[in-house]
Amino acid sequence: MKYLHLIGFFALITLVSCNKQKEELVKITPDLLNCCYKTNSYWVYIDTVSNDVDSVYVDGYIHDIYERDFVTDYTITNSEYFIYTTKSSSKSAMFKIQHDCLEKNFDNSAIITIYCDYNGPAFEHLDSTFIYDRYYYRVLRVLVEEDGTEDNNTSIYYTNSDYGILRHDIYSDTVLLSSKVLMRKNIVR
């Protein structure tokens with residue numbers, strides 16, 4: 001009987017000392033929450049090179065889904081993410097916001113980062129910049145040498161979290177092919 005109590009005591013200690021995996025949740029930063037655009041959001045751009053006007057609108061979105069990022073023996077890390085798709089007369093694109101970055105994806109072939117949390121160290125920070133008919137504040141300028149979403153041409157994105165892509169310049173070597181500038185917008189969050 002004494003041994004039975006001793007075995008039970010060791011079994012209890014073993015069960016209590018077992019480590020369970022701790023789950024952590026990485027949420028989208030407050031700056032990037034502004035980029036969570038919903039249906040009925042749209043942007044109207046004018047291409048200053050060709051003088052074409054094009055509108056881009058949010059076709060659909062997904063939120064409140066947590067993606068398992070990283071698993072160790074002790075920790076499971078899940079990330080909140082937000083995905084929205086856009087359509088225009090020329091093409092469609094998918095944008096994904098996860099933690100502190102906004103990524104652009106075109107035809108599942110190329111994924112590029114076009115905005116990161118303004119308070120982060122990445123990319124060139126512009127306190128303000130004049131685009132079309134007004135000043136925009138807290139703008140990031142992102143240079144993408146070989147933009148897979150734009151036929152591997154060089155792209156420069158001017159983006160802020162309040163309004164999205166404000167200007168998008170596309171170069172082939174040193175020749176400016178396109179400069180899409182934001183004229184009007186309607187943002188739904």
Side-chain angles (χ1 to χ4, degrees), residues 18-45 55-88 90-129 131 136-150 155-168 180 182 184-189:
C18 285
N19 288 335
K20 288 188 174 183
Q21 283 185 326
K22 180 181 169 187
E23 287 205 29
E24 294 179 358
L25 175 62
V26 179
K27 297 187 76 62
I28 296 172
T29 63
D31 186 40
L32 268 291
L33 280 175
N34 281 339
C35 292
C36 295
Y37 308 118
K38 296 183 179 175
T39 310
N40 295 328
S41 293
Y42 65 83
W43 301 263
V44 179
Y45 295 94
S55 59
V56 178
Y57 64 94
V58 174
D59 186 42
Y61 68 93
I62 301 170
H63 191 205
D64 291 334
I65 298 175
Y66 297 96
E67 185 175 77
R68 185 158 284 175
D69 271 352
F70 188 68
V71 178
T72 67
D73 290 340
Y74 304 105
T75 312
I76 298 172
T77 304
N78 298 313
S79 290
E80 173 185 21
Y81 67 90
F82 185 93
I83 295 173
Y84 64 94
T85 56
T86 61
K87 290 205 185 283
S88 71
S90 58
K91 60 179 148 182
S92 62
M94 182 182 85
F95 295 86
K96 181 177 182 181
I97 301 164
Q98 189 167 0
H99 181 54
D100 66 349
C101 285
L102 171 63
E103 298 172 335
K104 179 182 176 188
N105 183 344
F106 177 66
D107 288 340
N108 293 321
S109 60
I111 299 172
I112 58 160
T113 301
I114 61 170
Y115 185 82
C116 281
D117 192 310
Y118 188 80
N119 297 320
F123 307 120
E124 182 181 346
H125 292 70
L126 305 172
D127 289 332
S128 66
T129 188
I131 295 176
Y136 292 93
Y137 301 96
R138 298 175 51 94
V139 177
L140 285 186
R141 180 184 178 273
V142 178
L143 172 66
V144 181
E145 293 289 340
E146 291 184 15
D147 189 346
T149 66
E150 298 295 341
S155 284
I156 301 174
Y157 292 90
Y158 295 84
T159 311
N160 77 359
S161 62
D162 291 330
Y163 302 109
I165 300 171
L166 307 172
R167 180 173 145 192
H168 180 199
K180 297 175 184 166
L182 181 64
R184 290 184 300 277
K185 69 259 176 211
N186 179 54
I187 305 297
V188 179
R189 289 185 177 86

Side-chain heavy atoms of L182 within contact of I165, under 4.5 Å: no

Y61 and F82 aromatic centres sub-6.0 Å: yes

Donor-acceptor pair, side chain of S41 and main chain of V188, under 3.5 angstrom: yes

Residues that Y45 engages under ring pair (Phe, Tyr, Trp, His ring centres under 6.0 Å), provided they are two or more places apart: none

Salt bridge (Lys or Arg N to Asp or Glu O under 4.0 Å) partners for K38, two or more places apart: none

Salt bridge (Lys or Arg N to Asp or Glu O under 4.0 Å) against K104, all qualifying residues, sequence neighbours excluded: E150

Qualifying residues under side-chain hydrogen bond (donor to acceptor under 3.5 Å, both in side chains), relative to D100, sequence neighbours excluded: none

Side chain to side chain contact (heavy atoms under 4.5 Å, CB included) partner of F95, chosen from L102, I83, N105: L102

Salt bridge E103-K96, side-chain N to carboxylate O under 4.0 Å: no

Distance (rounded to the nearest 0.5 Å) between S79 OG and L25 CG: 7.5 Å

With sequence neighbours excluded, residues passing side-chain hydrogen bond (donor to acceptor under 3.5 Å, both in side chains) with T159: none

Sequence-distant partners of Y42, side chain to side chain contact (heavy atoms under 4.5 Å, CB included), two or more places apart: V44, Y57, N186

Y37 side chain near T86 side chain, heavy-atom distance below 4.5 Å: no

Spacing of N34 atom CG and R189 atom CZ [to the nearest 0.5 Å]: 4.5 Å

For F123 against C116, the heavy-atom pair lying closest together: CE1-SG, 3.8 Å

Residues which pass salt bridge (Lys or Arg N to Asp or Glu O under 4.0 Å) with E146, listed by chain and number, not counting sequence neighbours: none

Least distance between heavy atoms, C35 atom then S161 atom: SG-CA, 3.5 Å

Under the ring pair (Phe, Tyr, Trp, His ring centres under 6.0 Å) test, residues paired with Y163 that sit two or more places apart: Y136

K180/V56 under side-chain contact (heavy atoms from CB on, under 4.5 Å): CA gap, chis, key distance, verdict: CA-CA 11 Å; K180 297 175 184 166; V56 178; over 6 Å; no

Considering all heavy atoms, the nearest D147-S155 contact: OD2-OG, 2.8 Å

W43 side chain near I187 side chain, heavy-atom distance below 4.5 Å: yes

Partners meeting side chain to side chain contact (heavy atoms under 4.5 Å, CB included) with T85 (sequence neighbours left out): D59, M94

OG1 on T129 to OH on Y137, rounded to 0.5 Å: 10.5 Å

Ring pair (Phe, Tyr, Trp, His ring centres under 6.0 Å) partners of Y118, counting only residues at least two apart: H125

pair T113-V142: side-chain heavy atoms closer than 4.5 Å: no

K87, NZ: over 12 other non-hydrogen atoms inside 6.0 angstrom: no

Test item: R138 side-chain N/O and N160 main-chain N/O as donor-acceptor pair under 3.5 Å: no

Interatomic spacing from SG in C36 to CD1 in I97 - rounded to 0.5 Å: 4.0 Å

K91 side chain to T149 backbone, donor-acceptor under 3.5 Å: yes

Rounded distance [0.5 Å steps], CD1 in I28 versus CD in Q98: 8.0 Å

Residues that Y115 engages under side-chain hydrogen bond (donor to acceptor under 3.5 Å, both in side chains), provided they are two or more places apart: D31

By side-chain hydrogen bond (donor to acceptor under 3.5 Å, both in side chains) - contacts of R141 (at least two apart): E124, Y158

Point-to-point distance, once rounded to the nearest 0.5 Å, from CD of E80 to CG of L32: 10.5 Å

